[in-house]
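The block underneath contains the structure these notes are about, expressed in structure tokens.
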2 protein chains.
Amino acid sequence: MEIIIDIEDTVPLFTQLMDQIKKAVLNDQVRPGDALPSIRQLASDLELNNKTVAKAYRLLERDSVIQTKGYRGTFIHPDARANSANDLNAWILARLDKTIGALRDSGVTDSEIRIAFGNVMNNRNY
Amino acid sequence: MEIIIDIEDTVPLFTQLMDQIKKAVLNDQVRPGDALPSIRQLASDLELNNKTVAKAYRLLERDSVIQTKGYRGTFIHPDARANSANDLNAWILARLDKTIGALRDSGVTDSEIRIAFGNVMNNRNY
DNA sequence: ATATGTACCCTGCGTACTAAGGGTACATAG
DNA sequence: CTATGTACCCTTAGTACGCAGGGTACATAT
């Protein structure tokens with residue numbers, strides 16, 4: 001599995017990393033159970049910050065593409081193939097688009113939507 | 001109808017203005033058909049910018065609390081009482097809270113929600 | 001000429017977020 | 001002692017938005 005990070009790309013580094021790991025899974029370049037480099041190792045190889053790699057790993061684990069086993073390292077998830085094909089962001093977008101579209105159709109301004117959104121995100125639900 | 005604007009208040013000026021006009025409607029201090037001051041006149045009286053008053057009027061008209069009749073001026077809407085009792089922002093908040101709560105419950109991070117939200121608001125639905 | 005709502009240009013200030021990095025520390029298990 | 005993931009602390013740069021104001025202009029109708 002060869003990973004290439006382009007720091008000039010507008011795509012965030014952690015996203016580039018996630019995308020390439022998922023791509024490697026889909027292309028059978030890595031298979032369930034295979035070990036991945038440690039966070040620190042990969043960060044060193046790619047000249048990235050530990051936190052950037054850790055972020056990508058954390059999200060990939062949430063999406064069940066990889067599995068971290070504490071001090072034993074990180075491995076490809078048994079269901080990695082199926083889960084790598086999921087486009088979570090597209091799903092989020094569709095859900096939000098539906099709600100926001102309904103608000104806009106009701107004459108609510110974008111400004112009002114943004115303010116209400118900010119309140120919800122900060123748990124100030126009033 | 002007496003309107004008092006507190007520029008020290010954290011509540012936005014146009015919101016204070018909207019609130020007080022709606023309150024005057026609910027208290028029967030103004031009635032459907034009554035004329036309101038012109039935008040420029042009210043801005044001058046309250047020492048506000050024309051655009052601030054215009055913004056409040058625009059939103060109040062959208063909410064059918066007032067009616068603007070072009071060069072003839074602005075008047076209280078026939079259904080002003082009922083429409084002044086509506087809390088649009090609470091309704092927006094409830095709609096968004098439902099969608100966002102579902103996303104959060106699915107493990108989506110706030111960061112991801114915010115980014116997707118930004119894309120939807122900018123009609124970059126991809 | 002005057003007054004109406006409305007639309008557009010521009011500014012400034014405050015706020016809040018993402019992305020990314022630097023550093024330190026911890027419990028775990030070998 | 002070493003390596004694992006993880007959790008904090010901090011900073012920096014870039015971006016985007018709300019609110020408010022200043023100014024100019026327009027078609028409308030009296």
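Predicted, not measured: the structure shown is a model, and the values here were computed from it. So that the names make sense, note that chain A is the first sequence line, chain B the second, and so on, each numbered from 1.
For A/Lys51, the side-chain atoms get nearest to C/dG23 when compared with the rest of C/dA20, C/dG23, C/dC17. Nearest to the side-chain atoms of B/Tyr57 among the listed nucleotides D/dG18, C/dG5, D/dT6 stands C/dG5. Side chain of B/Leu13, nearest nucleotide from D/dT28, C/dA19, D/dG21: D/dG21. Distance from the side chain of A/Phe14 is smallest to C/dA20 among C/dG5, D/dT6, C/dA20. Of the candidates C/dT4, C/dT6, C/dC17, the closest approach to any side-chain atom of B/Ser38 belongs to C/dT4. When the nucleotides C/dG5, C/dG22, C/dC17 are ranked by their closest atom to the side chain of B/Thr74, C/dG5 comes out on top. Of the candidate nucleotides C/dT28, D/dC17, D/dG5, C/dT28 has the atom lying nearest to any side-chain atom of A/Tyr71.
Spacing between atom NZ of B/Lys55 and atom P of C/dC8 amounts to 16 Å, rounded to whole angstrom units. What separates CD of B/Gln67 from C1' of C/dT4 is a distance of 16 Å, to the nearest Å. Across the protein-nucleic acid pair, B/Ile113 atom CD1 and C/dC17 atom P stand 13 Å apart, rounded to whole Å. One atom, CZ of A/Arg72, and another, P of C/dA27, lie 19 Å apart when rounded to the nearest Å. Rounding to whole angstrom units, CD1 of residue A/Ile115 and C1' of D/dC17 are separated by 9 Å. Atom CD1 of B/Ile39 and atom P of D/dG21 are 14 Å apart (whole Å). Atom C1' of nucleotide C/dT18 and atom CZ of B/Phe117 are separated by 15 Å, given to the nearest angstrom. The separation between B/Asn49 atom CG and C/dT11 atom P is 16 Å, rounded to whole Å.
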Yes or no on side-chain contact (heavy atoms from CB on, under 4.5 Å) for B/Leu88 and B/Arg62, after CA distance, side-chain angles and deciding distance? CA-CA 11 Å; B/Leu88 177 65; B/Arg62 180 203 56 183; 3.0 Å; yes
Start with the C-alpha distance between A/Arg104 and A/Glu112, add both sets of side-chain angles, then the distance that settles salt bridge (Lys or Arg N to Asp or Glu O under 4.0 Å), and finish with yes or no. CA-CA 10 Å; A/Arg104 281 173 164 163; A/Glu112 289 168 326; over 6 Å; no
Trace of the side-chain contact (heavy atoms from CB on, under 4.5 Å) decision for A/His77 with A/Val65: CA-CA 5 Å; A/His77 191 280; A/Val65 170; 5.5 Å; no
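Pairing each heavy atom of B/Leu13 with each of B/Leu48, the nearest pair is CD1-CD2, 3.7 Å.
Each of A/Gln16 and B/Leu36 was assigned the nucleotide of DNA chain C with the nearest heavy atom; the assignment lying further toward the 5' end belongs to B/Leu36. Between B/Pro37 and A/Thr52, the one whose closest nucleotide on DNA chain C sits nearer the 5' end is B/Pro37. Along DNA chain D, the nucleotide nearest to B/Asn122 and the one nearest to B/Pro12 differ in position, and the one closer to the 5' end is contacted by B/Asn122.
Residue contacts for B/Arg114: at a heavy-atom cut-off of 4.0 Å it reaches the sugar-phosphate backbone alone, with no base atom in range. No contact: A/Glu112 has no heavy atom under 4.0 Å from any strand.
Taking 3.5 Å as the limit, the base of D/dG5 and the side chain of A/Arg40 contain a donor-acceptor pair of atoms between them.
Counting heavy atoms of neighbouring residues, nucleotides and ligands inside a 6.0 Å radius, atom CZ of A/Arg31 does not exceed 12 of them.
Residue A/Leu60 holds its CG atom at 11.0 Å from OG1 of A/Thr68, rounded to the nearest 0.5 Å.
Here B/Thr68 reaches the OP1 or OP2 of C/dT6: one of its side-chain N or O atoms lies under 4.0 Å away. For the pair A/Thr15 and C/dA19, the criterion of a side-chain N or O lying under 4.0 Å from OP1 or OP2 is not met.
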